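Here you go, one structure.
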Amino acid sequence: MKVLSILLARLEEFILVALFAFMAVMNFLNVVCRYCFANSFSFTEEVTITAFVWVSMVGIAVGYKRLAHLGMSFFVDHMPKKVQPFMALLSMICSVVLILLLFQYGSEMVSNQMRLGSKTPALGMPMYIQGLSIPVGAIFCLIRAVESGVKEFVRLRKVAKGAEEV
């Protein structure tokens, strides 16, 4: 399981670094062309937005991995030590339900985009390439939410047991 988590982390990092680099290069080239040649690439906005949507969804999964979900941690941290592990579990369950809904509706959206043949205006790129970021990102998020939720539950149980013994 640990090997799978490490491989997933490497994949997430690769996707984020590659897409951030791509976005930076595309925007830089567009700015240079606009100011030096008074002409810009019309397609850079489309590809940058597509990359940004993918970065956002994969970034949410990385946030779950690093326990950076501020709203839920605020709620859990303000509970008594004995209750915190179970609140972390409830937090994870709420996240999983939300992610499953995101996956379901994202999948329906992609299905509709494919069925309708939706394309972007400048490049004519299929819209489902952007849309796929929702269900694919939801899978990443689901794995990371469960993984981090279980880890946090176990950690908080140890803390609560340590507090009982003192």
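Note that this is a predicted model, so its numbers are computed, not measured.
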Would you confirm whether Gln84, through its side chain, and Met79, through its main-chain N or O, come within 3.5 Å as a donor-acceptor pair?
yes
Any ring-ring contact (aromatic ring centres under 6.0 Å, His included) pairs touching residues 130-153, not counting sequence neighbours?
Phe86-Phe153
Check: Thr48 side chain, Glu45 main-chain N or O, donor-acceptor pair, under 3.5 Å:
no
Do Val136 and Trp54 make a side-chain contact, defined as non-hydrogen atoms from C-beta onward lying under 4.5 Å apart?
yes
If you measure from CG on Leu102 to SG on Cys141, what distance do you get to the nearest 0.5 Å?
7.5 Å
Any side-chain heavy-atom pair of Val146 and Tyr64 under 4.5 Å:
no
Sorted by chain and number, sequence neighbours left out, side-chain contact (heavy atoms from CB on, under 4.5 Å) with Met125 holds for Thr50, Thr120, Leu123, Ile129
First locate atom OG of Ser133, then atom CD1 of Ile60, and finally report the distance between them rounded to the nearest 0.5 Å.
9.5 Å
Are any of the side-chain heavy atoms of Cys33 and Asn39 separated by less than 4.5 Å?
no
Heavy-atom count check: over 12 atoms from other residues, nucleotides or ligands less than 6.0 Å from Phe43 CZ?
yes
Identify the heavy atoms of Gln113 and Gly131 that sit nearest to each other, and give their distance.
OE1-CA, 3.6 Å
So which atom in Gly59 and which in Leu16 form the shortest heavy-atom distance, rounded to 0.1 Å?
N-CD2, 4.0 Å
Suppose we screen for side-chain contact (heavy atoms from CB on, under 4.5 Å). Which residues come up paired with Ser107, at least two apart in sequence or across chains?
Phe103, Pro135
Distance (rounded to the nearest 0.5 Å) between Arg66 CZ and Ser148 OG
12.5 Å
Test of understanding: clusters of I, L, V, M, F, W, Y form through side-chain heavy atoms closer than 4.5 Å, transitively. Do Ile15 and Val17 belong to the same one?
no
CE (Met87) and NE2 (His78) are apart, to the nearest 0.5 Å, by 13.0 Å
How long is the span from the CD atom in Glu152 to the CG atom in Leu89, to the nearest 0.5 Å?
11.0 Å
With Val31, which residues qualify under side-chain contact (heavy atoms from CB on, under 4.5 Å), at least two apart?
Arg34, Tyr35
Under a single-linkage definition using a 4.5 Å side-chain heavy-atom cutoff for Ile, Leu, Val, Met, Phe, Trp and Tyr, are Val62 and Val53 assigned to the same hydrophobic cluster?
no
Pairs satisfying side chain to side chain donor-acceptor pair (under 3.5 Å), at least one member in residues 3-20, at least two apart:
Ser5-Arg144, Ser5-Glu147, Glu12-Arg144
Sorted by chain and number, sequence neighbours left out, side-chain contact (heavy atoms from CB on, under 4.5 Å) with Gln104 holds for Leu101, Glu108
Would you say Val25 and Leu29 make side-chain contact, with heavy atoms under 4.5 Å?
yes
Within-4.5 Å side-chain heavy-atom neighbours: Ile134 and Met109
yes
same_hphob_cluster(Tyr128, Ile139) at 4.5 Å side-chain heavy-atom cutoff:
yes
Which atom names give the shortest non-hydrogen contact between Met92 and Val150, and what distance separates them?
SD-N, 3.9 Å
Any link between Val55 and Met26 through a network of hydrophobic side chains (Ile, Leu, Val, Met, Phe, Trp, Tyr) touching at under 4.5 Å?
yes
ILVMFWY network linking Val58 to Ile143, side-chain heavy atoms under 4.5 angstrom
yes
Quick one: pull up CE in Met23 and OG1 in Thr44 and give me the separation to the nearest 0.5 Å.
11.5 Å
